[in-house]
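Not measured: the values here are computed from a predicted model.
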Amino acid sequence: MGSIRGMSDKTTGRLAKQIAAFSTEHGGAEGQIAYLGQMGARIVLVGDDGAWGDLVAPSVDVATAAAEAAGLTLREAFDGELAAKVSTGPYEWRRMAGIQL
């Protein structure tokens, strides 16, 4: 069991560094964690400048620990207030439209 614990500690540390780097690059950040089933958990990040990104963790516990270690403010849900902070550009609109554009 020690190796699994060590792997999760390493994963938590790696994710925390990525979250902290995103937050620094975008003037601060908030996030939300979504359970993905067996795949783990998705950490959605929204920067204070409107940039967004996401990371996948092996579990909700690891995602939560990484967010806490990085000092990320977590939201219970990706609600309208958080979504309103996201800026979308031409790239995102093309991706959302798929092959329609």
[atom1]/[X] to [atom2]/[Y] distance, rounded to the nearest 0.5 angstrom?
X: Asp49; Y: Glu25; atom1: CG; atom2: CD; value: 8.0 Å
X: Ile33; Y: Leu72; atom1: CD1; atom2: CG; value: 7.5 Å
X: Gln18; Y: Arg14; atom1: CD; atom2: CZ; value: 5.5 Å

Apply side-chain contact (heavy atoms from CB on, under 4.5 Å) to the pair Phe22 and Ile43, showing each step before the final yes or no. CA-CA 12 Å; Phe22 179 91; Ile43 307 165; over 6 Å; no
Identify whether [X] and [Y] are in the same connected component of the hydrophobic contact network (ILVMFWY, side-chain heavy atoms under 4.5 Å).
X: Val86; Y: Leu74; value: no
X: Leu55; Y: Val44; value: no
X: Trp52; Y: Leu15; value: no

Search all heavy atoms of [X] against all heavy atoms of [Y] and return the closest pair with its distance.
X: Ala70; Y: Ala20; value: CB-N, 4.0 Å
X: Pro58; Y: Thr11; value: CD-CG2, 3.7 Å
X: Ala66; Y: Ala16; value: O-CB, 3.6 Å
X: Lys85; Y: Arg75; value: NZ-NH2, 4.2 Å

- Query: Does Ile19 offer a backbone N or O that forms a donor-acceptor pair with the side chain of Ser23 under 3.5 Å?
  - Reply: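 No; judged by distance alone, with no hydrogens or angles, the pair does not exist.
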